[in-house]
Amino acid sequence: TVVNSAEFRRLVATVDFYTYLGRAPSAGETNIVVNWLASGVPLEHVAAALMASEEYWSRHGASAEAFLTALYRHTMGREPDAAGLAQWVELLAGGTPRATAALAFAYSAEARGRTVDELSRRLLGHPVDDAGRQAWLDLLNGGVRSEIMLAAFVGCDEYWDRAVST
């Protein structure tokens with residue numbers, strides 16, 4: 001399938017590095033991501049690894065508040081709410097690793113909902129309806145990987161009808 005191809009894995013590396021670190025990956029960094037994905041590491045783990053990195057920390061202000069604000073923006077597409085930010089700042093101050101925070105944000109219901117919404121908008125050209133969104137969220141929360149969801153979107157007739165007509 002498309003999501004199991006080396007080309008897709010290289011694309012993930014490039015997009016994720018630009019998204020989270022504002023730069024292209026080196027050849028070595030691309031190979032690391034390609035190998036992670038080939039070994040079964042989920043897309044969310046790759047994103048979380050980049051978001052937990054020293055480079056991300058430095059690029060986004062090198063403070064707990066700045067780091068968490070960047071996580072909110074990248075995973076949920078919004079500014080942090082005061083209560084949530086305060087809770088996460090306290091957790092980080094108490095020793096919770098940045099990697100744990102990045103994974104929690106990447107796998108949050110809100111981030112997953114945003115992923116469903118964006119895939120529908122980008123690949124099908126319209127928002128997902130409420131029932132479809134909930135169905136995908138139920139599947140993702142039940143353990144279906146986002147790569148499977150992506151493959152389903154790309155494999156559906158609606159996607160191909162749209163791709164052929166543009």
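- The minimum heavy-atom distance linking Glu44 with Ser146 is given by the pair OE2-OG, 2.8 Å.
- Residues Thr75 and Arg114 fail the side-chain proximity criterion, which asks for heavy atoms closer than 4.5 Å.
- Thr14 OG1 to Arg9 CZ: the interatomic distance, rounded to the nearest 0.5 Å, is 14.5 Å.
- Within 6.0 Å of atom CD in Glu65, 12 or fewer heavy atoms from other residues, nucleotides or ligands are found, so the atom counts as exposed in its surroundings.
- For Glu90, the CD atom sits in a loose shell: 12 or fewer heavy atoms of surrounding residues, nucleotides or ligands are nearer than 6.0 Å.
- To the nearest 0.5 Å, atoms OG (Ser58) and CG (Leu21) are separated by 10.5 Å.
- Residues His45 and Tyr107 form a side-chain contact, since some pair of their non-hydrogen atoms from C-beta on lies under 4.5 Å apart.
- With rounding to the nearest 0.5 angstrom, the CZ atom of Arg145 is 12.0 Å from the CG atom of Leu150.
- Note on Glu55 versus Arg59: no salt bridge recorded, every NZ/NE/NH1/NH2 to OD/OE distance being 4.0 Å or above.
- Using a distance-only test at 3.5 Å, with no hydrogens or angles considered, no donor-acceptor pair links the side chain of Trp57 to the main chain of Ala64.
- Side-chain atoms of Tyr20 never come within 3.5 Å of backbone atoms of Ser53 as a donor-acceptor pair (strictly under, hydrogens ignored).
- Atoms CZ and CZ, from Arg78 and Arg73 in turn, are 12.0 Å apart once rounded to the nearest 0.5 Å.
- Placement of Trp36 and Ile148 within a single hydrophobic cluster is found when ILVMFWY residues are connected by side-chain heavy-atom separations under 4.5 Å, directly or transitively.
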Evaluation steps, side chain to side chain contact (heavy atoms under 4.5 Å, CB included), between Arg112 and Met149: CA-CA 11 Å; Arg112 286 180 162 183; Met149 179 179 61; over 6 Å; no
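- Leu92 and Thr96 get closest at one heavy-atom pair: CD2-O, 3.2 Å.
- Heavy atoms only, all atoms of each residue included: Ala111 and Ala106 are closest at CB-O, 3.8 Å.
- Transitive grouping of hydrophobic side chains (ILVMFWY, heavy atoms separated by less than 4.5 Å) brings Trp160 and Leu123 into a common cluster.
- The backbone N or O of Pro127 sits nowhere less than 3.5 Å from a side-chain atom of Arg133 that would complete a donor-acceptor pair.
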Please determine whether side chain to side chain contact (heavy atoms under 4.5 Å, CB included) holds for the pair Val33 and Asp16, giving the CA-CA distance in whole Å, both sets of side-chain angles, and the decisive distance to 0.1 Å. CA-CA 10 Å; Val33 172; Asp16 280 3; 6.0 Å; no
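- Atoms OG and CD1, on Ser26 and Ile32 in that order, are 7.0 Å from each other to the nearest 0.5 Å.
- Contact record, Tyr159 with Val154: CD2-O, 3.1 Å, taken as the closest heavy-atom pair.
- Grouping the Ile, Leu, Val, Met, Phe, Trp and Tyr side chains by contacts below 4.5 angstrom, directly or via other members, places Val15 apart from Phe105.
- Using a 4.5 Å cut-off between side-chain heavy atoms of Ile, Leu, Val, Met, Phe, Trp and Tyr, with links allowed through other members, Met51 and Val46 fall into the same hydrophobic cluster.
- By the criterion of side-chain heavy atoms lying less than 4.5 angstrom apart, applied directly or through intervening Ile, Leu, Val, Met, Phe, Trp or Tyr residues, Trp88 is grouped together with Leu85 in one hydrophobic cluster.
- Leu50 and Tyr56 get closest at one heavy-atom pair: O-CB, 3.2 Å.
- Using a 4.0 Å cut-off between charged side-chain N and carboxylate O, Arg98 and Glu54 make a salt bridge.
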With side chain to side chain contact (heavy atoms under 4.5 Å, CB included) as the criterion, how do Phe153 and Leu124 come out once you've worked through the C-alpha distance, each side chain's angles and the decisive distance to 0.1 Å? CA-CA 8 Å; Phe153 272 88; Leu124 304 181; 3.7 Å; yes
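- Rounding to the nearest 0.5 Å places CG of Leu43 at 6.0 Å from CG of Leu37.
- Side-chain N or O atoms of Ser120 include none that pairs as donor or acceptor with a backbone N or O of Val116 at under 3.5 Å.
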Working for side chain to side chain contact (heavy atoms under 4.5 Å, CB included), residues Leu119 and Trp136: CA-CA 11 Å; Leu119 283 176; Trp136 277 115; over 6 Å; no
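- Put simply, the side chain of His74 gets close to the backbone of Thr19: a donor and an acceptor are under 3.5 Å apart.
- Checking Gln134 against Asp130 by side-chain atom types alone, no donor-acceptor pair falls below 3.5 Å.
- Taking each heavy atom of Ala48 and Leu103 in turn, the nearest pair found is CB-CD2, 3.6 Å.
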